[in-house]
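A, B, ... follow the sequence lines: proteins, then strands. Residue 1 opens every chain. Values below: all heavy atoms of this structure, side chains included; hydrogens, waters and symmetry mates excluded. In this text the structure is predicted, and so the values were computed from the model without any measurement.
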Amino acid sequence: MKQQLQSLFAASLDQLRRDGVLAPEQLLEVRFDRTRQKQHGDFATNIALSLAKACGRAPRELAQLIVDALPAAPEIAKVEIAGPGFINVFLAADSRVHVIAAIRDAGAGYGRRTAAAGSRVIIEFVSANPTGPLHVGHGRGAAYGDSLARLLAATGCDVSTEYYVNDAGRQMDILAVSVWLRYLELCGEQVVFPDNAYQGDYIFDIAATIHREGGESYRHPAETVMDGIDAEDLESRLDALIQRAHKLLGPQRYQYVLGVGLDALTADIRGDLEQFNVAYDRWFSERSLVTDHHVDAAIQRLAKSGHVFERDGALWFRSTAFGDEKDRVVVRENGAPTYFASDIAYHLNKLERGYDRLIDVWGADHHGYMPRMKAALQALGYEPDRLVVLLVQFAALYRGGQKVSMSTRSGEFVTLRELRHEVGADAARFFYVQRKSEQHMDFDLDLAKSQSNENPVYYVQYAHARICSVFRQAAEKDIDTGDLDNADLSLLGESHEVEVVDTLSRFPEVVHNAAANYGPHQVAYYLRNLANNFHTYYNAHNFLGAPPDLRCARLALIDATRQVLANGLDLIGVGAPEQM
RNA sequence: GCGCCCAUAGCUCAGCUGGAUAGAGCGUUGGCCUCCGGAGCCAAAGGUCACAGGUUCGAAUCCUGUUGGGCGCGCCA
């Protein structure tokens with residue numbers, strides 16, 4: 001509808017240019033906004049206000065000229081000039097209700113666009129280290145990233161989703177040592193478990209798996225294991241233990257212990273996310289970048305760009321040349337590439353796979369990392385804007401009015417799984433996605449639990465179930481629902497009906513805006529609004545009890561409403577139940 | 001110290017990239033048909049959009065400064 005109005009007004013402006021009212025070079029696009037108030041019609045444009053000065057006329061006078069030059073159009077009932085020079089457009093009733101048929105015709109496709117000229121997008125999100133279960137902080141990134149992927153796909157992008165598995169680096173060694181020490185305890189050895197190793201209960205489970213499957217073949221006496229592990233510094237002691245584990249177990253057994261831990265945790269995370277209605281196209285291993293020499297290749301390519309230098313025995317990337325606040329190490333003094341180096345290789349890999357846009361969803365605490373990543377892409381000859389980093393603010397967790405501090409190492413955190421079991425995946429996803437991502441969020445667990453029945457998601461789902469119920473009632477009571485496809489929609493003139501119809505017609509714009517702003521929360525708000533329109537309508541009018549023609553029209557309307565509720569809920573990964 | 005994010009009703013948050021009288025939910029108060037599901041509906045009360053300037057026909061929205069809060073500034077990931 002907006003586009004139809006735009007072309008009508010463009011024609012009017014063309015006419016004014018021919019009449020010499022407007023200068024030919026003024027090619028302003030006519031933008032239409034939905035009005036906030038009924039008396040202002042359905043759409044409004046400020047075109048006269050923005051053009052007035054340039055052509056030396058009063059805004060209202062110019063508005064009148066534009067209106068006069070407007071071609072006749074059946075879909076417009078009335079055009080008014082208001083306020084300082086707004087042009088308000090009132091739609092004809094017939095063109096308004098037409099959307100009902102369009103929705104029922106398009107079905108699940110309503111609101112979706114197929115023609116985005118094949119823009120290829122890859123979205124990477126969550127990517128938490130596989131060193132423990134996901135906690136509620138990760139849940140926000142999961143809900144956000146997945147909804148975003150659905151939204152972009154709905155606007156016609158060719159979207160892939162990926163989880164970057166950080167299965168290389170020191171935290172993997174800490175995991176291996178943590179598992180091994182717990183295993184030794186199971187064997188009856190008296191070892192000292194360091195405070196800075198992974199404390200969580202899940203480490204015991206993994207150790208038990210190894211003990212069950214491998215017996216005591218990974219056992220070494222506690223004295224041998226702990227001998228000489230007495231450094232003052234906790235981190236140094238942990239490093240010494242890692243070295244000891246390598247030495248005593250040998251490369252194969254060490255890799256086995258590490259692998260069992262990694263596999264168990266990756267599987268746990270994957271299953272957890274699946275239950276959260278989040279599925280990835282690909283799980284990308286960081287370690288594979290090292291073993292396939294992609295990291296070396298990336299560093300070499302970076303070196304060729306002339307922005308790599310040596311200092312203090314390490315290899316550095318001169319990221320300051322691209323606006324970063326300091327230069328960054330890519331290969332350590334000991335010859336091991338840094339996390340940053342493999343991340344460069346990963347992003348390079350994504351670009352080489354042909355993606356036009358790389359979207360990374362990061363926790364807000366990583367924002368300082370963005371300049372160096374963009375710098376690396378720039379040094380490699382890519383437009384830095386092709387990387388879009390979306391930051392998700394922390395969800396501060398409250399329990400009993402007290403802020404809960406969380407860390408994976410200490411094992412003190414509320415898991416995503418616990419949250420899901422408490423309030424359900426649908427409620428949790430809706431709760432997360434309601435807030436825009438860059439907004440700080442207070443997640444009150446007690447409130448989330450106690451309000452689980454008052455969660456807005458049920459309000460929306462209830463509207464959907466209620467509509468389904470109306471049709472069930474019709475079938476049970478053997479009421480003739482007529483031919484919905486040929487309903488006389490012009491019978492829908494009640495204010496509540498107009499309200500619902502208008503909201504339905506807005507849906508494609510909402511999807512478009514939400515995708516363009518990377519803001520799935522806009523869909524959540526829209527759904528609440530649509531549900532409210534429907535509940536109000538439901539309370540004010542009877543559907544099944546109406547005369548046959550009107551009944552048929554009303555059923556067509558609520559059927560279209562049901563469709564849009566389902567489409568919208570799907571965009572944020574929430575189910576649309578037929579009964580609750 | 002430097003950098004990024006944030007500040008809107010008592011609480012939790014929207015506000016369509018600058019529009020007309022700033023909106024929801026929760027909470028509070030008062031109502032709703034023997035009828036399609038009351039997980040619902042209607043109404044009332046509640047605001048100096050943190051503060052001070054600036055930009056223009058017009059600012060919660062853009063710019064500058066101030067205050068207050070969150071986060072970051074490793075050869076960790």
S.K.: If the sugar-phosphate is the primed atoms plus P, OP1 and OP2 and the base is the rest, what is the B/S/- string for nucleotides 3-8 of chain B, using protein heavy atoms under 4.0 Å?
M.R.: BBBSS-

S.K.: Quick one: is A77(B) close enough that its OP1 or OP2 comes under 4.0 Å of any side-chain N or O from Thr338(A)?
M.R.: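 No, no such contact exists.
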
S.K.: Holding to ring-ring contact (aromatic ring centres under 6.0 Å, His included), I want the full list of residues that pass it with Tyr163(A), two or more places apart in sequence or in another chain.
M.R.: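 Counting only residues at least two positions away or on another chain, Tyr163(A) forms a ring-ring contact (aromatic ring centres under 6.0 Å, His included) with Tyr280(A), Trp283(A).
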
S.K.: Counting Watson-Crick and G-U wobble pairs with both distances under 3.5 Å, what is the dot-bracket string for RNA chain B, 5' to 3', using [ ] for crossing pairs and | for pairs to another strand?
M.R.: (((((.(..((((.....[...)))).(((((.......))))).....(((((..]....)))))).)))))....

S.K.: Taking ring-ring contact (aromatic ring centres under 6.0 Å, His included) as the definition, give me every residue that meets it alongside Phe534(A), ordered by chain and number, with sequence neighbours left out.
M.R.: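 Residues passing ring-ring contact (aromatic ring centres under 6.0 Å, His included) with Phe534(A): Tyr538(A).
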
S.K.: Quick test of your reading: applying side-chain hydrogen bond (donor to acceptor under 3.5 Å, both in side chains), list the pairs with at least one residue in residues 367-376 of chain A, sequence neighbours left out, ordered by first then second residue.
M.R.: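 Qualifying pairs, neighbours excluded: Asp343(A)-Tyr369(A).
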
S.K.: Taking only residues two or more places apart in sequence or in another chain, which ones pass ring-ring contact (aromatic ring centres under 6.0 Å, His included) with Tyr346(A)?
M.R.: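 If we apply the ring-ring contact (aromatic ring centres under 6.0 Å, His included) test to Tyr346(A), skipping adjacent residues, the hits are Tyr164(A), Phe284(A).
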
S.K.: Heavy atom of residues 494-514 of chain A under 4.0 Å from RNA chain B: which residues?
M.R.: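 The stretch gives Asn513(A) as the residues lying under 4.0 Å from the strand, ordered by number.
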
S.K.: For RNA chain B, what residues of residues 542-566 of chain A have any heavy atom nearer than 4.0 Å?
M.R.: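 Hits under 4.0 Å, by residue number: Asn542(A), Phe543(A), Leu544(A).
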
S.K.: Name each donor-acceptor pair under 3.5 Å that joins a side chain in residues 54-63 of chain A to protein atoms two or more places apart or in another chain, with its distance.
M.R.:
residue	atom	partner	partner atom	Å
Arg57(A)	NH1	Glu61(A)	OE2	3.0
Arg60(A)	NH1	Gly83(A)	O	2.7

S.K.: Does the side chain of Asn166(A) pick up a donor-acceptor pair with the side chain of Gln171(A) at under 3.5 Å?
M.R.: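 Absent: no donor and acceptor within the cut-off.
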
S.K.: Does Tyr432(A) make a side-chain N or O approach to OP1 or OP2 of U12(B) shorter than 4.0 Å?
M.R.: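 Checking Tyr432(A) against U12(B): no side-chain N or O falls below 4.0 Å of OP1 or OP2.
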
S.K.: Is any side-chain N or O of Arg36(A) closer than 4.0 Å to OP1 or OP2 of A20(B)?
M.R.: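 True: Arg36(A) side-chain N/O within range (under 4.0 Å) of A20(B) OP1/OP2.
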
S.K.: Quick check on U29(B): syn or anti? Syn means the glycosidic torsion is within 90 degrees of zero.
M.R.: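 Here the answer is anti: the torsion falls beyond 90° from 0.
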
S.K.: Quick one: Leu175(A) CG to C76(B) P, roughly how many Å, whole number?
M.R.: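 Rounded to whole Å, this separation is 19 Å.
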
S.K.: Between the base of G40(B) and the side chain of Asn539(A), is there any donor-acceptor pair under 3.5 Å?
M.R.: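 A donor-acceptor contact between them is present.
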
S.K.: Does Asn46(A) get its side chain close enough to the base of G19(B), under 3.5 Å, for a donor-acceptor pair?
M.R.: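 Side chain to base: pair present.
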
S.K.: Check this one for me: any side-chain N or O of His40(A) less than 4.0 Å away from OP1 or OP2 of U21(B)?
M.R.: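 For U21(B), neither OP1 nor OP2 has a side-chain N or O of His40(A) closer than 4.0 Å.
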
S.K.: Within this structure, what is the CZ-to-P distance between Phe430(A) and A24(B), rounded to whole angstrom?
M.R.: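 From Phe430(A) CZ to A24(B) P: 16 Å.
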
S.K.: The criterion is ring-ring contact (aromatic ring centres under 6.0 Å, His included); which residues satisfy it with Tyr537(A), sequence neighbours excluded?
M.R.: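 Applying ring-ring contact (aromatic ring centres under 6.0 Å, His included) to Tyr537(A) gives His541(A), Phe543(A).
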
S.K.: Sequence neighbours excluded, which residues qualify as salt bridge (Lys or Arg N to Asp or Glu O under 4.0 Å) partners of Asp327(A)?
M.R.: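 In terms of salt bridge (Lys or Arg N to Asp or Glu O under 4.0 Å), with neighbours along the sequence ignored, Asp327(A) is linked to no residue.
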
S.K.: Among pairs that include at least one residue of residues 513-530 of chain A, which meet side-chain hydrogen bond (donor to acceptor under 3.5 Å, both in side chains), considering only residues two or more places apart or in two chains?
M.R.: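 For residues 513-530 of chain A, and leaving out neighbouring residues, the side-chain hydrogen bond (donor to acceptor under 3.5 Å, both in side chains) pairs sorted by first residue read Arg357(A)-Tyr518(A).
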
S.K.: Is the distance from OP1 or OP2 of G38(B) to the nearest side-chain N or O of Arg466(A) less than 4.0 Å?
M.R.: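 For G38(B), OP1 or OP2 has a side-chain N or O of Arg466(A) closer than 4.0 Å.
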
S.K.: Nearest-Å distance, CG (Asp343(A)) to P (A77(B))?
M.R.: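 From Asp343(A) CG to A77(B) P: 11 Å.
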
S.K.: State whether the number of non-hydrogen atoms from other residues, nucleotides or ligands found under 6.0 Å of His535(A) atom NE2 is greater than 12.
M.R.: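 More than 12 within 6.0 Å, yes.
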
S.K.: Counting only side-chain N and O atoms of Asn532(A), is one of them less than 4.0 Å from OP1 or OP2 of C41(B)?
M.R.: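 For Asn532(A), the contact criterion (side-chain N or O under 4.0 Å from OP1 or OP2 of C41(B)) is met.
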
S.K.: Taking atom C1' of G18(B) as reference, at what distance in whole Å does atom CZ of Arg31(A) sit?
M.R.: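 In whole Å, G18(B) C1' lies 9 Å from Arg31(A) CZ.
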
S.K.: Provide, to the nearest angstrom, the distance between the CD atom belonging to Gln434(A) and the P atom belonging to C13(B).
M.R.: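 Rounded to the whole Å, the gap is 10 Å.
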
S.K.: Are any of the side-chain heavy atoms of Thr481(A) and Cys552(A) separated by less than 4.5 Å?
M.R.: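 A side-chain contact under 4.5 Å is absent here.
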
S.K.: How long is the line joining CE of Met373(A) and P of A77(B), in whole Å?
M.R.: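 That distance rounds to 14 Å.
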
S.K.: Between atom CZ in Phe431(A) and atom C1' in C26(B), what is the gap in whole Å?
M.R.: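 In whole Å, C26(B) C1' and Phe431(A) CZ are 11 Å from each other.
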
S.K.: For the residue pair Tyr459(A) / Asn532(A), report whether a side-chain donor-acceptor contact shorter than 3.5 Å exists.
M.R.: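 Asn532(A) vs Tyr459(A): donor-acceptor pair found between side chains.
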
S.K.: For A77(B) and Arg332(A) - does any side-chain N or O of the residue sit under 4.0 Å from the phosphate oxygens OP1/OP2?
M.R.: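 Result: yes.
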
